[in-house]
Protein chains: 2
Amino acid sequence: MPTIKEVAERAGVSVGTVSHVITGSVPVSDDLRVKVQTAIRDLDYHPNHVARSLKTSRTRTLGIIVPDMTISFFPQIIRGAETAARQKGYALIAVNSTESGERQTEVLSLLRSQQVEGILLVIAAGSAPTNQMARLIEAGIPVVCLDRVPDRIPVDSVSVEDVTAAEMGTEHLLQMGYRRIAIITGPLALKNERRRLQGYEQSLERAGIAPDDDLVWQGNLRTEDLEAMCRERLSNPARRPDAIFCTNGPTALAALRAMRSCRMTTPDDLGFVTFDELTVDDLFRPAITTILQPAYDIGYKASEILLERIETGKDRTDVRTVRLPATLKVRDSSRRVSIVKLSETY
Amino acid sequence: MPTIKEVAERAGVSVGTVSHVITGSVPVSDDLRVKVQTAIRDLDYHPNHVARSLKTSRTRTLGIIVPDMTISFFPQIIRGAETAARQKGYALIAVNSTESGERQTEVLSLLRSQQVEGILLVIAAGSAPTNQMARLIEAGIPVVCLDRVPDRIPVDSVSVEDVTAAEMGTEHLLQMGYRRIAIITGPLALKNERRRLQGYEQSLERAGIAPDDDLVWQGNLRTEDLEAMCRERLSNPARRPDAIFCTNGPTALAALRAMRSCRMTTPDDLGFVTFDELTVDDLFRPAITTILQPAYDIGYKASEILLERIETGKDRTDVRTVRLPATLKVRDSSRRVSIVKLSETY
DNA sequence: CTGTTAGCGCCTTCAA
DNA sequence: TTGAAGGCGCTAACAG
């Protein structure tokens, strides 16, 4: 790898001049500039970003930590964040925490060592991130939380309007005539899961339906556990709900698998609404009624806020909390099937 | 951010000693080591990776460039690559080329500037990467190509057994009784697309079916274009195929959309087989018969090869070409429907 | 406008 | 076993 010195030699100028050409910070005569540019091309010179960063203590790099890139919600966020970062000349490093608190600590440390100038964080479900985040912020590294917002820690965050979104889904099911609506949540340690539960409860209350603990199914994020829980809950016909509302994608997939093994289908046996797209638009059946989160926009917006923090070094005290609206995409799974139609299928 | 110097001061030792403790390269007495470790914790010190890299010219960082992380095939590759890298103590930076040659050049340059020690590359469809890659390799930066393998350039690569996989899909359709099998490919500038086409042709030939140019539908990777092409091809009943074989996921989605707008379904009107999973296992209908690529393994293996190159600085001349086997997952879309059954549906 | 030079934070001889 | 010092490649004064 050629260095700035070699470029200078080849162009017959000093390293200072080469640096001036590269950064554009100081005017250089046309003559020399051309010579330098030629040398750069001839040598296939790429400025050593590492050395530059050491000198300027600016890496122009952001980091983003997501639980698992193979869940389609997250790559969309990353793409949005990447686009916003690139527009400001920043690069984005994406890493997975594999939903593990321990691993999250590792990658956080990795990103710090890499001297990223700011971090976008989707908190791992299995983490108690309080200290970590506090230390980061104390160290002057801005953090913006996405999707999952921690309790009690004053930190910038971008997520969906959880309560409203959950109300939207629940009210839609109510309108379609469902009355015994079960909600399947992820870990209630996550604030956004609690908020979605809250939206559900508010809608029921408003509709004059008494809360029923039997219909609140709290799960973790492990597919097998979730599926087993759903199977068990569905196996008792007496207590069975007439509709299911899932607060996230993995939960919904587990619920659908459980329904299949119980030989139940939607909407024939159960109405069904979930957060997050499970498959590719509505090419496939059953077409699931879905609360769509603007994942790309969440990433984009979070990146913008982070960059603003970085570039203005703004006051830590005014925490920004952005909530973007979700949209309800009504499909087949929430269409109420009449009793007549139901009996016909037998 | 505290520096090694501050740690040294607080521990009452020299920076050299602190460095020795951190790297473990030189023995340090228990007494001083404990003091140093305490100071590190107290100060929440994280070694500056940038400075270390400058000194050692080792970043222990790999880069991976994919066309688009929101296509589910690629995150799986990334996860595999990340896991292999982590096991060797390397970090992985993932970036998107947005399927653009220009952007690919940019991110390649970015990764070089970031001093990554090796690059995993899924070539963007719109790129003529010959020079780029040659220069990288010349500069001593190892590259391993994944999935899409360039022509003519001797470079390590890991991909699926394209020919065999395509034969597998085609033969399955033949066995199910289909005879007019159309193939929809991506850009044939991509070698793996050509190889898949080749597998298809070989299978037809072996079955004594004459090649029919009318049944080879070459597309690009833009959804709208692909869909329009499929719609047009399907609109002429006389020349219509009885089955469709798609060489990649985006193509398959476009084909299915086109079929829907032509009011055709699979398997009723057309048999259907594609490379790559389109939706979540077989929860949804139509359940598409799929050639599954071991995406995670491809990423993992590529990472291993790259790391081997880096750590052994092995001879460039012995190019490694790894082909992993695909598997055929038979589902509904390739089940031949009898004429009787077909007429029943009307 | 151009050249010279002092570090950025760290690791690694080398000497003690 | 410890400490002192040079230098990785670059930028940003500063001097010319």
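Residue numbers begin at 1 in each chain, while the letters A, B, ... track the order of the sequences.
Residues M133(B) and E138(B) are not in side-chain contact: their nearest non-hydrogen atoms beyond the backbone lie 4.5 Å or more apart. At a threshold of 4.5 Å between non-hydrogen side-chain atoms, the residues D68(B) and I71(B) count as touching.
Counting heavy-atom neighbours within 6.0 Å of E102(A) CD, excluding the residue itself, gives a total of 12 or less. Enclosure of atom NZ in K191(B) by more than 12 non-hydrogen atoms of other residues, nucleotides or ligands within 6.0 angstrom is indicated.
Ion pairing between a basic and an acidic side chain is recognised when a charged N comes within 4.0 Å of a carboxylate O; R320(B) and E308(B) show such pairing. Between D44(B) and R112(A) there is a salt bridge, with a side-chain nitrogen of the basic residue lying less than 4.0 Å from a carboxylate oxygen of the acidic one.
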Next on the checklist: Strictly under 4.0 angstrom, non-hydrogen atoms only: write out the protein contact profile of nucleotides 11-16 of chain D, one letter per nucleotide from the 5' end, B, S or -.
Outcome noted: BBB---
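Protein atom CE of M1(A) is 10 Å distant from nucleotide atom P of dG9(D), rounded to whole Å.
Between chain B and DNA chain C, the heavy-atom contact criterion of under 4.0 Å yields a 5' to 3' nucleotide range of dG9(C) to dT12(C).
Across the helix from dC1(C)-dG16(D) to dA16(C)-dT1(D), the helix axis at one end is tilted relative to the axis at the other end by 40° (nearest 10 degrees, each axis from five pairs).
When the side-chain nitrogen and oxygen atoms of T17(B) are compared with OP1 and OP2 of dG3(D), one or more of them lie within a distance under 4.0 Å.
Comparing V13(A) and H46(B), the nucleotide of DNA chain C nearest to each residue sits closer to the 5' end for V13(A).
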